[in-house]
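Just dropping this structure here.
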Amino acid sequence: MTITQDDLRFDPDRKLKVVGTTPIKPDGVDKVTGRAKFGADTHLPGMLVGKVLRSPHAHAIIKSIDTSSAAALAGVKAVVTRDDFPELPPGEFRDISSNCMAREKAFYDGHAVAAVAATSERIAKKALKLIEVDYQVLPHVIDVMDAIKPDAPILFEDMVTKGMDPAPDGPTNILQRKEFTMGDVDAGFAEADIIVEREFDTKPMHQGYIEPQACVANFTEDGQTELWCCTQGHFVFRTRLAAVLKMDISRIRVTQSELGGGFGGKTMFYAEPVAILLSRKANRPVKITLTRNEVLRATGPVAGTHSRIKMGMTKDGRFTAAEAELYFQTGPFTGSAFANAPQAMFTRYDLQNIRAVGYEVVSNRPKVNAFRAPCVPQVVFGVEGVIHELARKIGMDPIDLRLKNAATEGYKTIYGATFGPIGYVETLEAAKAHPHYTAPLGPDQGRGIATGFWFNRGGETTASLNITPDGTVTLLLGNPDVAGSRVSICMMAAEELGIPVDKVRPIIGDTSTLGFNRVTAGSRVTFSAGMAIVLSARKAIETLCQRAAMMWDVPEDGVVFEDGHVRPASSNVGDFEPLSIADIAKKATETGGPIAGHAEIVAEGAGPGFGCHIVDVEVDKETGAVKILRYTVVEDAGKAIHPHQVEGQYQGGAVQGIGWALNEEYIYDKDGRMENAGFLDYRIPVASDVPMIDTVIVEVPNPLHPYGLRGVGEVPLVPTMAAIANAIDDAIGIRPRSLPMSPPKVLKLIEEAEMSRDQA
Amino acid sequence: MDEMRYEAPETLDAAVALLAGADGDARILAGGTDVLVLLHSDMIEPGLLVDIKKIPELTSIAVEAGGFRVGAAVSAMELVEHDAFSKAWPGVIEGVKLIGSIQIMGRATMGGNLCNASPAADSVPALIAAGAIGTIVGPEGRRDVPVEDIATAPGETSLGKGEILVSFLFPPRPPHSGDAYRRFTPRTEMDIAVVGVGISLSLDDGGTCQAARVVLGAVAERALLVEAAAAALIGTPLDEAALERLAAAASAACRPIDDKRGTKEFRIKVAGVLARRAAQDALERARGN
Amino acid sequence: MARSHVTTTVNGDEYEFLCDAEQTLLDVLRDELFLTGTKEGCATGDCGACSVMLDGRLVCACLVLGVEAAGKLIETIEGLAHGDELHPLQQKFLEHNGAQCGICTPGTLIAAKALLAVNPDPSETEIRYWLAGNLCRCTGYDKIIRAVMAAAEEMREGRS
Ligand SMILES: Cc1cc2nc3c(=O)[nH]c(=O)nc-3n(C[C@H](O)[C@H](O)[C@H](O)COP(=O)(O)OP(=O)(O)OC[C@H]3O[C@@H](n4cnc5c(N)ncnc54)[C@H](O)[C@@H]3O)c2cc1C
Ligand code: FES
Ligand code: FES
């Protein structure tokens, strides 16, 4: 009988030796010694430097591109423009292609319009200056609400809004509409004693990974492509590159480097197809490393939003209905994953009546990309603000109000799934019991809480586990390790095999070594690859048992695997010394060959995750500056395989949220050019901006995972901005409804609050 | 961008000759924390870079006439580590310490901070408040000018072709003197001032303010020496009323713009707030010595 | 084209290289000497990923010219460990998971070492301000700060 995914269920009685401890991760030493190879660290003999020319205009027709002088410059080996990209039918791949190299129009400041490969960076930069592009500059629009005004500049004259019946006639920037409903919203509001309805704005932000995208492409004369790059999903890159460049998938081999941060932003490529085309023309390897300016102007922003959120509640604090209208700024092409928002925003409350409508809107900004729980934190900023007000209105403790309305096992969600065992209540209770929640506050200080949810994901995953002749183990994995997945996967393998974790060595294979793997995103990898590796290990154990039975000449069911050894199942079987994995591996050749296990699965059964954040702020009432004094993240991990890795996710997510809450935003000049395309003015938090981030790992196991795992990558960001806004209210008496809550904006709110106090 | 030449002369004369003799754009390279950023973002394309860090006059700190002479190319970190100077001019040190990170301070110089002529430069308000004199050497010889007369507008200085700012002279201080610098930035570090205020003042034995200089940064095209703000303090014990007048005078002197780092309205308001806070810091220091 | 010939010392070893006047020390370390442990996150002095020691001073290699390295002593991440013995900071970063993705780690380690050389017993706040020029987007800084405090403690004990 072969084991399958369905046999991998959580066993609460299992005694754990490795899972739950904190060994040093296998990639650790390389990272602290400078050995680890990141995207820009690949050097090939004869390699050229590629550079991209970018549009200085937010919206312009590209009438012509003259590359002749650039091509003639000594040292220039190839020039690429839109003419080098294959024509594609309208749809996903044409959009991707047009984002990597502008076609008829440049849609944002920083949009790629041409590229060169040269023998040095100096020559490449000089060549870019020799390229003449004739632009017809068009009026542009940046902000999401400006883009849907009747007189807004239109990006695509022929765009017909999807999901709207009837579709608006005439030109529009609304790309699509999606509605999610459950129950009877009108009846729900009719039942309410208190209704709060508010509007909220969030600004686009950048994932802010410290490593700029970098790649090396090597196209050979027989039409094979090798690509080294930093990516969250080399298999997905390969599939999409093949579609965009009209090549066979098998002719592209992608090797992922160590990833210097991604957070969703490296799930899509930018310069990679350009590098491949340059290499094809030059017949030499080409390396493109983006500058920080290019990263900020042309890659991965997160959607800005406008939302209207309404919730009803009885006077004893029971939610009766919720409604939302949401607008997401996606850049020129679809990709915001905005449908996550209406499905996730209220999910954690036992609400029966919900209507949530989302609109995806195009504007002259870079095409958005994923960022931890794509599109959810922006709208939770609003939802948790409305709930904060509702709690105030009836004088109820904000955690108690959430507890009173908490969804539990059996709740049927708006997206159709019914919750199994979940940890929202446990998370809220842990937050309430935390000393932080009741610690005294000083003058001008305030405390806020907020909560969040993420589905967590599974999906296509492959893995292979090999037992070497001395009984140590190697793993071949198909997902880039974005933050500690490798060590957790090794730990699960070690736990299964009953061997110390340092006897397990992982590598992440390139795309030619394993079957397809979905991107590392959505908190899926430790969950899914964990399942694949447990499955692989159990298959290997099956073989180990067969081999031991053969060595002892006993029936297969006469042996059991325990603690890293095969033993006789009972004394009836015979009196044999237990065989270690090494003992069996040593004899593998005689008993039937090398011992291994592998798995190719679509991982299912991801368990939803919930978090509650508590934050204390101090507001300088004369300047509007907000200081984060204390921060606690409480979140259900299902099971923390390696608690340090889990804490790292909680802490990193919270601090990204602090940046988004207080300072991060894109600043455009009147021509739609980004004015703060650098880390000095795009202000991500520095070490002195934040306190230690306390964490509480709640563990309500996911029954569908062998170790009870959920996923912890997304939730830590979801409630952050809401929690901080609620804390600011506590300090100044007015709840901010627009991000970022930067000093000038907070100062204005303080003045407003003072004015309304004076009037009262 | 054709070839750029790099020279690192060891004497002031050689440096002046190189700069004066260059055709096309020649730039002085001190710490390079502004120049190299501009160079690599293609904002400037000099044909010649003259590194001044090998010239002894530019890189030394000395006691002179009871005060200090500080080379214009002394790195921020070195200055901060100079105990006697740090004790004498804590406000100048506050400004210098705010220039970028520890890494940036390892290279950045006060001369570069001033001659880069950003209105938001952090060491400049305190330098002006201190009454520091800049010594300039050029093809025409040597001249001494008050620091407030050197940077004139964003990116522009009163230095002529071939002129180099060699050093700053800090006058000796009467007893009961103190200085302070405060700035506002959204982040705690690694940020450019939205508003900066430098104040230097001296008290008499009874605690009445005898002399004061109040300088605002980032609220105009260059750092502003605001006499009305100083007048609000002089002759007072820096009581609440005086501080109130100081804040009003500081706000009134601002003529800021809206830009990516802050709004006009915000800058005007916060200039007053910071002036009051800086004055309190300076007062405390003056009382302590 | 005339490139400058530069002789310098990196981690105790003498190196020679040719470079253009505008090439930075960071470019030289990475692209000419293949010492890629020093990282580039911005090339404008804002992120600290390129932190190295230059004649005993902590600097951003992206804001130093290659030609300025002539005759200087440079220390990079590649020189932090002694043989197979990791520096206490490296060891504590491993134990505390101070490196998540690891791109900021080499620069942060060099900066932290410079701190402990001048202040063997820094407070949390002092570490945070000293490392303000070393951006990290992954960790939220918590584990980095703890690792530096733990290394400082171990180094103090080792000294006494
Ligand atoms: C990441 C980062 C953060 C920063 N943060 C701050 C900050 O918080 N506050 C702040 O004020 N600044 C900041 N700066 C700007 C910069 O570091 C300072 O202005 C610094 O003091 C410049 O000094 P430097 O020696 O590096 O100047 P350089 O770059 O060498 O020179 C700057 C300009 O002055 C000219 N110059 C230099 N020395 C002389 C001289 N002796 N005579 C005549 N001309 C001269 C140069 O030709 C050039 O035009 C920051 C820069 C970076 C990269
Ligand atoms: S690369 Fe030098 S500071 Fe960022
Ligand atoms: S660990 Fe990824 S940026 Fe610091």
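Lettering follows sequence order; numbering is per chain, from 1. Heavy-atom basis, side chains included; hydrogens, waters and symmetry copies ignored.
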Is it the side chain or the backbone of B:Ser41 that comes within 4.5 Å of chain C heavy atoms, both, or neither? neither
Answer yes or no: does atom CD of C:Glu126 have more than 12 heavy-atom neighbours from other residues, nucleotides or ligands under 6.0 Å? yes
May I ask you to test the C:Thr24-B:Leu36 pair for a side-chain heavy-atom distance under 4.5 Å? no
Looking at B:Ser101 and C:Gly133, what are the two nearest heavy atoms and their distance? CB-CA, 3.4 Å
What one should report as the nearest heavy-atom pair of B:Met4 and C:Ala21 is O-CB, 3.1 Å
Can you list the steps and then say if C:Glu22 with B:Leu39 is a side chain to side chain contact (heavy atoms under 4.5 Å, CB included)? CA-CA 8 Å; C:Glu22 71 270 6; B:Leu39 181 76; 4.0 Å; yes
Can B:Glu81 and C:Arg57 be counted as an ion pair, charged N to O under 4.0 angstrom? yes
Proximity of residues 68-107 of chain C to chain B, residues having a non-hydrogen atom under 4.5 angstrom: C:Glu68
If I measure from the heavy atoms of chain C, does B:Lys53 come under 4.5 Å with its side chain, its backbone, both, or neither? side chain
Measuring from B:Met190:CE to C:Cys47:SG, what's the distance to the nearest 0.5 Å? 8.5 Å
Considering heavy atoms only, which positions within residues 102-122 of chain B lie below 4.5 Å of chain C? B:Ile102, B:Gln103, B:Ile104, B:Gly106, B:Arg107
Non-hydrogen atoms of chain B under 4.5 Å away: do they reach the side chain of C:Leu131, the backbone, both or neither? neither
Residues C:Leu65, B:Leu29; criterion side chain to side chain contact (heavy atoms under 4.5 Å, CB included); working and verdict: CA-CA 10 Å; C:Leu65 292 176; B:Leu29 173 76; 4.0 Å; yes
Need one label for C:Val64: side chain, backbone, both or neither, based on atoms under 4.5 Å from any heavy atom in chain B. both
